[in-house]
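All residue numbers refer to positions in the sequence shown, counting from 1. Keep in mind the model is a prediction, meaning the values are calculated, not measured.
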Amino acid sequence: LNRSTAMAEAANDQAAQAYAHMIRCLYYIGRGKWDDAEKSAERCQKLCEPMDDRVNWTNAQAVRFWMSHYRVKEISALEAARRLRDRAAETGNRQHRAWALRCLAVCALRGGDAAEAVTHLHGALGCLGETAALNERIPTLGMLALSQLRSGDVWSARATAKEGLAQVVH
């Protein structure tokens, strides 16, 4: 990671630098190196702004949400989710819109509002459509089943869980 970042900096290639920092922040999250992850996410977004690189900027914003969520920084997580939602609305990227809604659902669920989480998750599934991206559908369905259960809708929770499990073995 250090070498790829150094090479991108030496070439003065801002797009390569942004991507290298995006990958770095993902790596640092996996290692629990929060400060390093935050610095790389911030650097990625700063590099993306003048290039209007909305994809890597939004990817870094999603990482910022998860960094806050994992550390139980609820206000920061909600702010990151809202920024993600706002940027995704500007770009129209369906995957990013689904991520934002799923992040907002995580915040709602953590805050005890399962009904709001259900609404966000139905919206996320709508954004995903009939995508073959099971890595997006399965966690959204799992979270929806949990939210339905917590909101007292046991039958819907069972049906959603069965749908998600069917996708796992697909």
Side-chain angles (χ1 to χ4, degrees), residues 18 22-23 25-30 32 34 37-38 40-42 44-46 48-49 52-170:
M22 180 63 237
I23 298 302
C25 68
L26 286 171
Y27 172 77
Y28 288 137
I29 281 183
W34 308 115
E38 184 66 40
S40 284
E42 185 175 331
C44 173
Q45 287 181 311
K46 284 184 179 178
C48 288
E49 285 292 340
D52 199 29
D53 179 349
R54 297 173 180 190
V55 172
N56 280 314
W57 189 98
T58 308
N59 290 345
Q61 189 62 28
V63 170
R64 287 185 125 159
F65 166 78
W66 290 110
M67 277 190 289
S68 295
H69 172 70
Y70 294 150
R71 294 181 291 170
V72 194
K73 294 185 173 189
E74 295 177 29
I75 294 170
S76 297
L78 182 57
E79 289 171 1
R82 287 177 176 159
R83 287 190 75 198
L84 180 59
R85 176 201 58 204
D86 294 347
R87 182 58 67 102
E90 289 174 15
T91 66
N93 182 303
R94 288 176 38 184
Q95 182 182 39
H96 290 163
R97 287 191 354 242
W99 287 356
L101 290 167
R102 198 163 71 210
C103 292
L104 289 168
V106 167
C107 292
L109 200 54
R110 181 171 265 174
D113 193 342
E116 181 181 342
V118 167
T119 300
H120 288 312
L121 292 163
H122 279 298
L125 287 171
C127 289
L128 293 174
E130 293 301 317
T131 181
L134 296 179
N135 63 317
E136 297 293 344
R137 290 192 63 74
I138 292 169
T140 304
L141 289 168
M143 190 176 304
L144 176 58
L146 176 62
S147 300
Q148 289 168 327
L149 184 64
R150 287 196 181 160
S151 66
D153 189 354
V154 175
W155 294 110
S156 292
R158 283 183 184 188
T160 302
K162 284 177 90 171
E163 181 183 349
L165 286 171
Q167 307 243 336
V168 170
V169 296
H170 181 50

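Using a 4.5 Å cut-off on side-chain heavy atoms (C-beta onward), Leu101 and Leu121 make no contact. Here the side chains of Ile23 and Tyr28 are not in contact, with every heavy-atom distance at 4.5 Å or above. Under the 4.5 Å side-chain criterion, counting only non-hydrogen atoms from C-beta, Cys25 is in contact with Met22. Inter-residue side-chain proximity for Leu78 and Leu104 is flagged as met; some heavy-atom pair is nearer than 4.5 Å. In this structure the side chain of Cys107 reaches within 4.5 angstrom of the side chain of Phe65, judged on heavy atoms. Between Glu74 and His69, the closest side-chain pair of non-hydrogen atoms is not below 4.5 Å. When side chains are defined from C-beta on, Gln95 counts as touching Glu136, because their heavy atoms get closer than 4.5 Å. You'll find the side chain of Trp57 stays beyond 4.5 Å of the side chain of Cys44, heavy atoms only.
In this structure, Ala81 and Cys103 approach most closely via the heavy-atom pair CB-CB, 3.8 Å. Across every non-hydrogen atom of Gly92 and Arg97, the tightest pair is O-NH1, 3.5 Å. Gly129 and Arg137 get closest at one heavy-atom pair: O-NH1, 2.9 Å. When every heavy atom of Cys48 is checked against every heavy atom of Ala18, the shortest pair comes out as SG-CB, 3.8 Å. Arg64 approaches Ala41 most closely through the heavy-atom pair CG-CB, 3.9 Å.
Between His96 and Trp99, the two ring planes are tilted [angle within 30° to 60°].
Between the side chain of Gln61 and the main chain of Ala80, a donor-acceptor pair closer than 3.5 Å is present. Looking at Ser151, its side chain does come within 3.5 Å of a backbone N or O of Gln148 through a donor-acceptor pair. Looking at Arg71, its side chain does come within 3.5 Å of a backbone N or O of Met67 through a donor-acceptor pair.
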* Step-by-step side-chain contact (heavy atoms from CB on, under 4.5 Å) determination, Leu141 to Leu125 -> CA-CA 8 Å; Leu141 289 168; Leu125 287 171; 3.8 Å; yes
* **Test side-chain contact (heavy atoms from CB on, under 4.5 Å) applied to Arg110 and Val72, step by step** => CA-CA 10 Å; Arg110 181 171 265 174; Val72 194; 4.0 Å; yes
* Tell me, with the steps shown, if Thr91 and Arg54 meet side-chain hydrogen bond (donor to acceptor under 3.5 Å, both in side chains). => CA-CA 7 Å; Thr91 66; Arg54 297 173 180 190; 5.8 Å; no
* Start with the C-alpha gap between Arg94 and Leu128, add the side-chain angles, then the distance that decides, and say whether side-chain contact (heavy atoms from CB on, under 4.5 Å) holds. => CA-CA 6 Å; Arg94 288 176 38 184; Leu128 293 174; 5.6 Å; no
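Side chain to side chain, Arg87 and Thr58 fail the donor-acceptor criterion of an N or O pair below 3.5 Å.
By the 6.0 Å and 45° rule, Arg158 stacks over the aromatic ring of Trp155.
To the nearest 0.5 Å, atoms CG (Asn59) and CD (Gln45) are separated by 10.0 Å. Put simply, CD on Glu163 and CG on Leu144 are 8.5 Å apart, with the number rounded to the nearest 0.5 Å.
Using a 4.0 Å cut-off between charged side-chain N and carboxylate O, Glu38 and Lys73 make no salt bridge. Using a 4.0 Å cut-off between charged nitrogen and carboxylate oxygen, Arg82 and Glu79 do not count as a salt-bridge pair.
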